[in-house]
Asker: 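Have a look at this one before I ask anything.
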2 protein chains.
Amino acid sequence: MSTRAGIVVTGTEVLTGRVADRNGPWLAEQLRLLGVDVGHVVVVGDRPEDLRDALGFLAGTGVPLVITSGGLGPTADDLTAEVVGQFQGRPSQVDAELEQRIGAVVARLVARRGWRADPASLASGTRKQALVPEGATVLEPVGTAPGLVVPPADGRTGPVVLVLPGPPSELQAMWSAAVAAAPVRQALAGREELRQETVRLWGTLESELAATLRDAGPVLDGLEISTCLRDGELEIVTRFPPPAQPAYDHLVALLREHHGDTLFSTGPTLDELIAAAFADRGLTVATAESCTAGLLAARLTTRSGSSEWVLGGVAAYANSAKEELLGVPRELLDRHGAVSPEVAVAMAEGARARFGADVGIGITGIAGPGGGTPDKPVGTVHVSVVGPDGGESRALRLSGSRTVVRERSVTVAMQLLRALLLGGPPA
Amino acid sequence: MSTRAGIVVTGTEVLTGRVADRNGPWLAEQLRLLGVDVGHVVVVGDRPEDLRDALGFLAGTGVPLVITSGGLGPTADDLTAEVVGQFQGRPSQVDAELEQRIGAVVARLVARRGWRADPASLASGTRKQALVPEGATVLEPVGTAPGLVVPPADGRTGPVVLVLPGPPSELQAMWSAAVAAAPVRQALAGREELRQETVRLWGTLESELAATLRDAGPVLDGLEISTCLRDGELEIVTRFPPPAQPAYDHLVALLREHHGDTLFSTGPTLDELIAAAFADRGLTVATAESCTAGLLAARLTTRSGSSEWVLGGVAAYANSAKEELLGVPRELLDRHGAVSPEVAVAMAEGARARFGADVGIGITGIAGPGGGTPDKPVGTVHVSVVGPDGGESRALRLSGSRTVVRERSVTVAMQLLRALLLGGPPA
């Protein structure tokens, strides 16, 4: 087995879901790139005893490195540095020089934002953030919180604990200094490379895939295969040491043989495939969205450089907007209703025409929970993609919450776009 | 201390961040509503020994209930039911009647989607999903996976383990049956109510808030206060048993006294405040977005019923789209550039006019990472909100990734909208 690490994500706001954790996944991915596997991510609130329990659990799994994120702020509920210090047998003290450096950052921040701020309360917060366990390595703050590398006290055994701040931008900016610190490097010495590859299917059942893998037998030995059905896409992620590359090649051949009609990628995500296709072919796109109201446009522009090929879009919630901004004929709306294949096509064509784009996409539907009728229940969605050489449409009957219906509609539109631009499995 | 529970979220796809976990937070919130506190959420991959370790850890914290999500699918990496059965000392067997019911669901699913499917592989997946630990209570499948309530085997001690499927819609639909099951009710007997309240500030520093709380002293005893700075908003969440209500009232009075100029909510979220204001006042809104390209329109329409007051929006990435779909004068674009306060106002007014809305919102900026200049670096964003009685604009200089710049721009636009509709602290 490869070298492993454990992760603790702290914060009541993460535990209760008010904030989605981005640090656990990001750290797991960075560690993977270093050949380090993560077995557990433990999310804890702001109670010190819960953090201590989590550190104890991960130390007990025998990992040489534990990484924590969060709990380094100036408020009283931010206790990570102190708890980790105690856990490792290293009491904390104020680092006077660090205190000065943090104070300077805070002063700049307050000045730039033009905030009023009471000097005494700032100073007290700064002093708290400058508490460092004895013998720990300080990682220079990116925001106001320093990172810490805290090995076990002399004479103790156990993992090195790497303490990082909670804001993802600060944590990420501190990462290269963290892995360069001597105690972290020592903890991770002797790790071996682990490759990770992904195959993506659109339209195969998980149980069919399971049968393919079961029937394959020992030719797949050495591969750690995990499958995940997400937003209609079946994602097959395989991790393996380099000597198992032939087994992986065999797996891909098997998937092509049994599921070639749904296999649309042996690596890139759907969004990456579409971005590359637009860039390669010099085409442009515009969107016309009703129930998804901008979600597709926002998804198409998530990647930098998308301004080269995305001209824009219209979120046409009201019928008047469909008529006036997209040129959908009133008569079509009256005859077929706003949620109809005819209107989806007219919206796609309207987006093409109004933005002067090569490709237009129209989505119209009923996301719910209200607004359904016996004829057109909640989850009825029509998607149309029109390009220079014709188009493709789909009528959907989706189940799930408003959010699920909106997201799935966007994904189907992306799959239609992929099929139109690149061929391959139908959407 | 109140009754507590532990949560295990399974799946390599969650551990590695390919899928964001929605079940841990949802379960924590449901448990909170029942007066049950969650101390730890442990995320594990698909390795059975990691799941076993996590169950052992949570059992060791003394909780009477552990809930797992995921790992109930038909593929070989879905091992939760079997591992939990072993952990509780209850070997698994196929439940023949359950197998038939699952088989019927699978057959309907295949027929509806028009998928080809090999009967033998379907049957084998179905059999796997019908494996039930001896003596466990079966919760009827919503998709194809049943839930399970697995108490420790006779003569053993430890928590009841509630096993739920991974897809959030299935897990959520199964929840009421799960908490009604006798072993779960027994595990949670004797819990006490815990209230949770939230105060939201826009523009106060965390360290200033920390000083207010520190200075308050013992009048706040009995409150568990956690603060979180998220997307520029300082969120103060307090949990307390009912007898501490006077202490909480005191806290709110203190916050009004010291931070009244930034306190914009003692409960509802920003999005809820805005939705209520539009509904109350009978106004409508339309958006014009450049760098955020539909994110604001999508956020405004996340809630059902938003079609009453959102007319639509234009994502105008290209300058030609700004001219033709929003009527921004070419001359204005040439003179000030697309990223300028003048163009933000013209976009907001264009959206108002084109959609016939009462309120228009314009956002134009440089989300990066490319496209910055010395004059207008990445992170320069102009936001303008125009209503029937005038408007408000902000010039922003944001730092962070493309995603952070886009999301923060949308939040500032929402704060401007709130201030325009409801007054209160400036955005």
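Lettering follows sequence order; numbering is per chain, from 1.
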Asker: Just so I understand: if I count every heavy-atom pair under 4.5 Å between each of Ala293(B), Ala318(B), Gly368(B) and chain A, which residue has the most?
Answerer: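 The answer is Ala293(B).
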
Asker: State, yes or no, whether a side-chain contact exists between Glu13(A) and Pro25(B) at a heavy-atom distance under 4.5 Å.
Answerer: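 Not in contact.
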
Asker: Counting only heavy atoms closer than 4.5 Å, note whether Ala54(B) contacts chain A via side chain, backbone, both or neither.
Answerer: both

Asker: Any non-hydrogen side-chain atom of Val38(A) less than 4.5 Å from a side-chain atom of Leu15(B)?
Answerer: yes

Asker: Return the option, out of Gly70(A), Ser306(A), Gly370(A), with the maximum number of heavy-atom pairs under 4.5 Å with chain B.
Answerer: Ser306(A)

Asker: Can you tell me which portion of Thr227(A) sits under 4.5 Å from chain B's heavy atoms? Options are side chain, backbone, both or neither.
Answerer: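 For Thr227(A), heavy atoms of backbone and side chain both lie under 4.5 Å from chain B.
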
Asker: Please classify the contact between Arg303(B) and chain A as side chain, backbone, both or neither, with a heavy-atom cut-off of under 4.5 Å.
Answerer: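 Contact with chain A is through the backbone of Arg303(B) alone.
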
Asker: Is any side-chain heavy atom of Leu122(B) closer than 4.5 Å to a side-chain heavy atom of Leu205(A)?
Answerer: yes

Asker: By a 4.5 Å heavy-atom criterion (distance strictly below it), what part of Thr302(B) contacts chain A: side chain, backbone, both, or neither?
Answerer: both

Asker: Carefully, step by step, assess Val314(B) and Leu325(A) under the rule side-chain contact (heavy atoms from CB on, under 4.5 Å).
Answerer: CA-CA 9 Å; Val314(B) 170; Leu325(A) 280 107; 3.6 Å; yes

Asker: What pair of heavy atoms forms the shortest contact from Asp53(A) to Phe57(B), and how long is it?
Answerer: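 That closest heavy-atom pairing would be O-CE1, 3.4 Å.
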
Asker: Report the distance from atom OG1 of Thr75(A) to atom CG of Leu213(B), rounding to the nearest 0.5 Å.
Answerer: 8.0 Å

Asker: Heavy atoms only, distances under 4.5 angstrom: which of Gly45(B), Pro369(B), Pro168(B) has the most pairs with chain A? Name it, please.
Answerer: Pro369(B)

Asker: Could you pull out the closest heavy-atom pair between Gly294(A) and Ala298(B), with the gap in Å?
Answerer: C-CB, 4.2 Å

Asker: At a 4.5 Å cut-off on heavy atoms, which part of Asp46(A) comes close to chain B: side chain, backbone, both, or neither?
Answerer: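 Contact with chain B involves the side chain of Asp46(A) alone.
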
Asker: With respect to chain B, which residue among Ala211(A), Pro74(A), Ala28(A) yields the maximal number of heavy-atom pairs within a distance under 4.5 Å?
Answerer: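 The candidate making the most pairs under 4.5 Å is Pro74(A).
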
Asker: If you count heavy-atom pairs within less than 4.5 Å of chain B, which of Ala173(A), Ser124(A), Ala316(A) leads?
Answerer: Ser124(A)

Asker: Could you check whether atom CZ of Arg22(A) has more than 12 heavy atoms from other residues, nucleotides or ligands sitting under 6.0 Å from it?
Answerer: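 No, because the 6.0 Å sphere around CZ of Arg22(A) holds 12 heavy atoms or fewer from other groups.
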
Asker: With a 4.5 angstrom heavy-atom cut-off, which part of Glu224(B) approaches chain A: side chain, backbone, both or neither?
Answerer: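 For Glu224(B), the contact with chain A is made by the side chain alone.
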
Asker: What residue in Gly11(A), Pro167(A), Gly313(A) has the most heavy-atom pairs under 4.5 Å with chain B?
Answerer: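 Counting heavy-atom pairs under 4.5 Å, the top option is Gly313(A).
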
Asker: Is there a side-chain contact between Asp78(A) and Glu206(B) (heavy atoms, below 4.5 Å)?
Answerer: yes

Asker: Answer with yes or no whether the side chains of Thr301(A) and Arg406(B) bring together a donor and an acceptor at under 3.5 Å.
Answerer: yes

Asker: Tell me, out of Asp21(A), Val237(A), Thr126(A), Asn319(A), who's got the most heavy-atom pairs with chain B below 4.5 Å.
Answerer: Val237(A)

Asker: To the nearest 0.5 angstrom, please state how far the NZ atom of Lys128(A) sits from the OG atom of Ser207(B).
Answerer: 11.5 Å

Asker: Side chain, backbone, both or neither: which part of Asp50(B) has an atom under 4.5 Å from a heavy atom of chain A?
Answerer: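 Contact with chain A involves both backbone and side-chain atoms of Asp50(B).
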
Asker: Out of Thr61(B), Thr269(B), Val44(B), return the one with the most heavy atom pairs under 4.5 angstrom to chain A.
Answerer: Val44(B)

Asker: Which one of Gly400(A), Ser307(A), Ser290(A) has the most heavy-atom pairs closer than 4.5 Å to chain B?
Answerer: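 Result: the option with the highest number of such pairs is Ser307(A).
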
Asker: Against chain A, label Ile225(B) side chain, backbone, both or neither, depending on which of its atoms sit under 4.5 Å from a heavy atom there.
Answerer: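 Just its backbone gets close to chain A.
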
Asker: Specify the closest pair of heavy atoms between Arg214(A) and Ser121(B), including all atoms of both residues, with the distance to one decimal.
Answerer: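 Shortest heavy-atom contact: NH2-O, 4.1 Å.
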
Asker: If every non-hydrogen atom of Arg47(A) is compared with every non-hydrogen atom of Arg4(B), which pair is closest and at what distance?
Answerer: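 Reported closest heavy-atom pair: NH1-NH2, 3.1 Å.
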
Asker: Go through Ser169(B), Gly73(B), Cys228(B), Gly125(B) and name the one with the most non-hydrogen pairs under 4.5 angstrom from chain A.
Answerer: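 Option with the top pair count is Cys228(B).
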
Asker: Got a second to check how far Glu235(A)'s CD is from Thr12(B)'s OG1, nearest 0.5 Å?
Answerer: 11.5 Å

Asker: Check whether Ser304(B) gets within reach of chain A through its side chain, its backbone, both or neither, counting any heavy atom under 4.5 Å.
Answerer: both

Asker: Got Ser320(B) and Phe355(A) here, is their nearest side-chain heavy-atom distance under 4.5 Å?
Answerer: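 When only atoms from C-beta onward are counted, Phe355(A) and Ser320(B) do not touch, as no gap falls below 4.5 Å.
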
Asker: Ser226(B) versus chain A, heavy atoms under 4.5 Å apart: side chain, backbone, both or neither?
Answerer: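 Both backbone and side chain.
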
Asker: For Glu29(B), does the CD atom have more than 12 heavy-atom neighbours from other residues, nucleotides or ligands under 6.0 Å away?
Answerer: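 Counting other residues, nucleotides and ligands, CD of Glu29(B) exceeds 12 neighbours.
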
Asker: Is chain A contacted by the side chain of Thr284(B), its backbone, both, or neither, given a heavy-atom distance below 4.5 Å?
Answerer: neither

